[in-house]
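Below: the structure, in C-alpha cells.
Quick note on labels: first sequence line is chain A, next is B, and so on, each numbered from 1.
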There are 2 protein chains.
Amino acid sequence: MMDGSKPKVSTKSKRRQRAPNAPPTGEAMFAQRAVKSLAETLYQDLHKSIVAMDILPGTPLSENEIAAAMGVSRTPVREAILRLSDEKLVEVVPKSGTFVARIPVSALPAAQIARRALEIETTCAAARRATKEDIVALRDIISRQYAIVETGDNSDYHVVDDELHAKIAEIARLGSLWDMVQQVKTQIDRCRKLTLHDPGRKSFVTVQHEKVVDAIEAGDEELASQRMWDHIMGLQLDLPSMVQEYPNYFIPDMDLTAT
Amino acid sequence: MMDGSKPKVSTKSKRRQRAPNAPPTGEAMFAQRAVKSLAETLYQDLHKSIVAMDILPGTPLSENEIAAAMGVSRTPVREAILRLSDEKLVEVVPKSGTFVARIPVSALPAAQIARRALEIETTCAAARRATKEDIVALRDIISRQYAIVETGDNSDYHVVDDELHAKIAEIARLGSLWDMVQQVKTQIDRCRKLTLHDPGRKSFVTVQHEKVVDAIEAGDEELASQRMWDHIMGLQLDLPSMVQEYPNYFIPDMDLTAT
DNA sequence: CGGTTTTAACTTGTATATTAGATATTGCGA
DNA sequence: TCGCAATATCTAATATACAAGTTAAAACCG
C-alpha cells in the first residue's frame, strides 16, 4: 500500500466531511427497508420459533450450526441471538453455549400485571378518542375473529387477537404501549402453548372483545376499562401444575405457594 | 480442504455431545460476570453518554472511529450500537451512517402515561407487602436524598431518586416493572437535560417521596398511589417550547397543538 | 460561472480467521 | 471400580477482511 503510484497529487486527505449535528440527508433515510438484512430475517425466524415453542426451553442453539444450516456466516446469526438475549428469549453463557431461555416463573405474574395496567390505560384513551371510522375498523377485526371461530382454524386466531389490541392502542395514539405489552406478553404466550385450549374459549373471548368495543363506541371509559380488565384477567395460568409438569422449561425463581 | 491427511483415524467424529434440552451444567452459569465483555462496557458507556446528553441528538457515530478511539475492533462496537438501536437511542441508516437518535415527540406523552400506569401498580403492591425492614430501607434512601439536597450536589440526585423507585418495585416483587419504567423513562430523561432545573425542586420532590413512603407504611394503597400519581405528574415538560428551541433534537411526529 | 456527471472515500453489512475460556470425554493411577 | 488429571474439542468473544451501497466533493461540460 506504500506505493507511490497515486494517480495525481494526494487528494488533500480529508474528503467527505459531514457537519456535526447533521441528521442524514440522503435518500437512504426514506428507503422502506426493501431488503431486510440477514440478521433481521434470522431474528424474526428465531423469535417466532421460540415464542411458538417450536424450539423448547433449554435447547442448545449453536451459532455455527444455525449459520451452516441457513447458509450464512456467523455474524448475522450472532446479531440475531444477541437481540433475543436482550429480550430474555435465549440465555447466552459466555464461552460455553447459547440456549433457548427457560421461562422465569416470577416474570409471569409481573407480566400479567404490567399488561393489565398498560392495556387499561390504552382502553381508556381509546374510549375517549375513537371516531366512527375507528369503530368500523374494530368491528371489522371482530367479524374476522368470528369467521375464524367458525372455521375452527386455530393457528391464526391469536394474530387477529393481537391485531385488535394493536388497533385499540393505535386509536388511543398509544401504539408504543402496545409494543411494550407485546414484549411482556411473550413469556405468557410461551406458557399458553403448553396447555390445551378449551375450544369454546375463542368464541367466549371474541364476545368479550365485542363488549369492549361496544363500551369504546359509547365513550364509556369506565365500562370499557372494566371489560378489558375482565378480558385480560380471564386468562389464568395454572402455574404450579405447569411448573410441575415441565420443570425443565421454567426457572423456579419464585415461591409458588405464596401469593 | 479435500486433503486426505487426517492425523489419525478420525476420532469417531462425535465427541462432546450435549443432551438435548439440557440446560447448562457448568460453573460458568454461576459466574458473576467478573469480566464484562467489551461490547457490554461500550454499550454502558455509550448509553450513559447519550442519556446524559453528553452526545447530542443527530451526532454521527462512526463504528470505525469509536473502535479506533477505544482501541478495539469494530465487532464489539457494533454490538453495542445494535443494542442502542433496539432501544431507539441511535438511528442506524444502512450503508450510510449511525446517528444519536433524535427524540420522537410522540414518545414523550406515551412514556409519561406508561410510567404512571406501571408505577401506580407497583406502589399499590408495595403498600400491601411492605415490612418494617422495607420501610427502614426506604427511609434510609430518603435521608440520603435530603443529604444531597443540603449539599446541592446536582449530579447524584437522580441516581438516588431511581434507587427509591427501584426499591419500591423490589418490595412489590415487581422489579421487572421498574425495568420497563427505566426503558420508557430514557427519552424523558434526555429531554429534562435540556431545561434548567428549579433548585428548590429537589427538596420538593423529596418531600413527595416521603409522603409516598408514609402511605406505604400505613398500608394505604389508595393514598400511596394517589401520591405517587401526583409525584409523577409533577414533572411536566413544556414540549412546544423545547421543540421550538431545539428543533434538531426532535422528530416532530406529533401535532403539538392537539392534546 | 452554473449544472451535471464522475469518482473516490466513507458508511454499514457480511464473511472469515483468531483467541481465549469451558467442559465432556479420555486415560491413568490407586 | 473410583477418583483425578490431562486433553481434545466444543463454545462464544474479538479481530480482521471483504462486499455492497451511499454521498459529498471534484471534475467536467455547457
To the side chain of [X], which of [options] is closest?
X: A:Ala39; options: D:dT22, C:dT12, C:dT14; result: C:dT14
X: B:Lys95; options: D:dT22, C:dA20, C:dT14; result: D:dT22
X: B:Ser62; options: C:dT14, D:dT11, C:dT11; result: C:dT11

| message | Under a plain distance cut-off of 3.5 Å, with no hydrogens placed, do B:Gln112 and B:Arg115 share a side-chain donor-acceptor pair? | response | no
Whole-Å distance separating the [atom1] atom of [X] from the [atom2] atom of [N]:
X: A:Glu40; N: C:dT12; atom1: CD; atom2: P; answer: 18 Å
X: A:Glu63; N: D:dT11; atom1: CD; atom2: C1'; answer: 9 Å
X: B:Leu42; N: D:dA13; atom1: CG; atom2: C1'; answer: 13 Å
X: B:Leu38; N: C:dT19; atom1: CG; atom2: P; answer: 16 Å
X: A:Tyr43; N: C:dG13; atom1: OH; atom2: C1'; answer: 19 Å
X: A:Asn64; N: C:dT18; atom1: CG; atom2: P; answer: 15 Å
X: B:Glu65; N: C:dA9; atom1: CD; atom2: P; answer: 17 Å

| said: Counting only heavy atoms and a strict 4.0 angstrom limit, can you tell me which residues of residues 66-80 of chain B come near DNA chain D? | reply: B:Val72, B:Ser73, B:Arg74, B:Thr75, B:Pro76
| Going by an N to O cut-off under 4.0 Å, is there a salt bridge joining B:Glu79 and A:Arg83? | no
| Between A:Asp54 and A:Lys48, does at least one N-O distance fall below 4.0 Å, as a salt bridge requires? | no
| request: Return the minimal non-hydrogen interatomic distance between A:Ala137 and A:Lys167, and the atom names on each side. | output: CB-CE, 3.6 Å
| query | So what does A:Leu82 touch, heavy atoms closer than 4.0 Å: a base, only the sugar-phosphate, or nothing? | reply | nothing
| Would you say a side-chain N or O of A:Ser96 is under 4.0 Å from OP1 or OP2 of D:dA12? | no
| Hey, mind stepping through B:Asp179 and B:Ser176 against side-chain hydrogen bond (donor to acceptor under 3.5 Å, both in side chains) and telling me if it holds? | CA-CA 5 Å; B:Asp179 295 339; B:Ser176 60; 5.9 Å; no
| task | Could you tell me how the ring of A:Tyr43 sits relative to the ring of A:His47: parallel (under 30°), tilted (30 to 60°) or perpendicular (over 60°)? | result | tilted
| said: Between B:Thr122 and B:Val181, is there a side-chain heavy-atom distance shorter than 4.5 Å? | reply: no
